Number of protein chains: 2
Amino acid sequence: MERSPNPELACPVAPVVDIVFSRWTTPILWALHEYGRQRFGELERLLPTITPKVLTQRLRQLERDGLVARTYHAEMPPRAEYEITPLGASLGPLFAQLATWADTGLPEVERARQAYDSH
Amino acid sequence: MERSPNPELACPVAPVVDIVFSRWTTPILWALHEYGRQRFGELERLLPTITPKVLTQRLRQLERDGLVARTYHAEMPPRAEYEITPLGASLGPLFAQLATWADTGLPEVERARQAYDSH
DNA sequence: CAGTATCCAATCCGATACTG
DNA sequence: CAGTATCGGATTGGATACTG
């Protein structure tokens, strides 16, 4: 059994992190999963602190990675709709387990931080 | 049933992401989980591209969050050892599921990217 | 050995203004 | 409406050198 010299590459989690857990991606995926197909402006309202520039960047990345699908209607005014793809939806159980861990894990992290900071 | 106006905050995944999936944290946790307790220099060798400054930063953060434990021996030369805590180890099943998703998900992402880039 | 200190480059990100 | 263009500040991260 040979050991890889580089767990950064060997770590099977690392490549997924870049795709799924970069900034803003989980709130966007969550919003599309919870509330269904949304227009650009609706997403802006659902994520009040994101700017249109960053929202566009993240949506393009998610679209390129196949997690979100964009449909554009060249009407006047124009209409763009975003929805989660089957591949994106396949992350559902993962997110659910993450939320489950958060129930007990986050309070423990909070306690650890307070213990650490008081020294 | 009231809807939260801000999925960034409502998204139960978001708070965990900051703790567990910030840069370098998963390779570090993975290394400690796979190879057990490691000294600072051993971790440096396992993660060849990380610099000591950044490794220290991430280890301090993980220690503060209670995911990693540090034991320091003031010998000459000094010795510092890092190991995963029970809380850190409780992420194991999550990482496993993440790795499972990667098996089928990453190739699909790759195909989606090639399709996207060819337009 | 196990870090710190310092400097610098790249990136990100928000604010703002503008367009088809 | 659904973005794009531009600018500037802040954060991050690598390279390098140094210390108890």
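So that the names make sense, note that chain A is the first sequence line, chain B the second, and so on, each numbered from 1. Keep in mind it's a predicted model, so treat the numbers as computed, not measured.
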* Asked: Between D:dG14, C:dC13, D:dC1, which nucleotide gets closest to the side-chain atoms of B:Arg23?
  -> D:dG14

* Structure fact -> The answer to which of B:Tyr72 and A:Arg70 contacts DNA chain D further toward the 5' end, by nearest nucleotide, is A:Arg70

* Calculate the interatomic distance between A:Arg45 atom CZ and D:dA2 atom C1'; express it in whole Å. => 12 Å

* **Check: B:Lys53 side chain, C:dG3 base, donor-acceptor under 3.5 Å** => no

* **Side-chain N,O (B:Arg39) to OP1/OP2 (C:dC1) below 4.0 Å** => no

* Under 3.5 Å, is there a donor-acceptor pair between the B:Gln61 and B:Arg58 side chains? -> yes

* Check whether any side-chain N or O of A:Thr25 sits under 3.5 Å from a backbone N or O of A:Val20 as a donor-acceptor pair, and report yes or no. => yes

* Asked: Between B:Phe95 and B:Trp30, what is the ring plane arrangement, given parallel below 30°, perpendicular above 60°, and tilted in between?
  -> parallel

* Asked: To the side chain of A:Val54, which of C:dA2, C:dG14, D:dG3 is closest?
  -> C:dG14

* Base-pairing mate for C:dC7 - Watson-Crick or G-U, with both contacts under 3.5 Å -> D:dG14

* Considering only D:dT4, C:dT4, D:dA2, which nucleotide approaches the side chain of A:Pro52 most closely? -> D:dT4

* Where the side chain of B:Pro78 is concerned, which of D:dG3, C:dG3, C:dC1 is the nearest nucleotide? -> C:dC1

* Among the candidates D:dG3, C:dC13, C:dA2, find the nucleotide nearest to the side-chain atoms of A:Thr56. => D:dG3

* **Proximity to the side chain of A:Phe40 - top-ranked nucleotide from D:dA2, D:dC1, D:dA15** => D:dA2

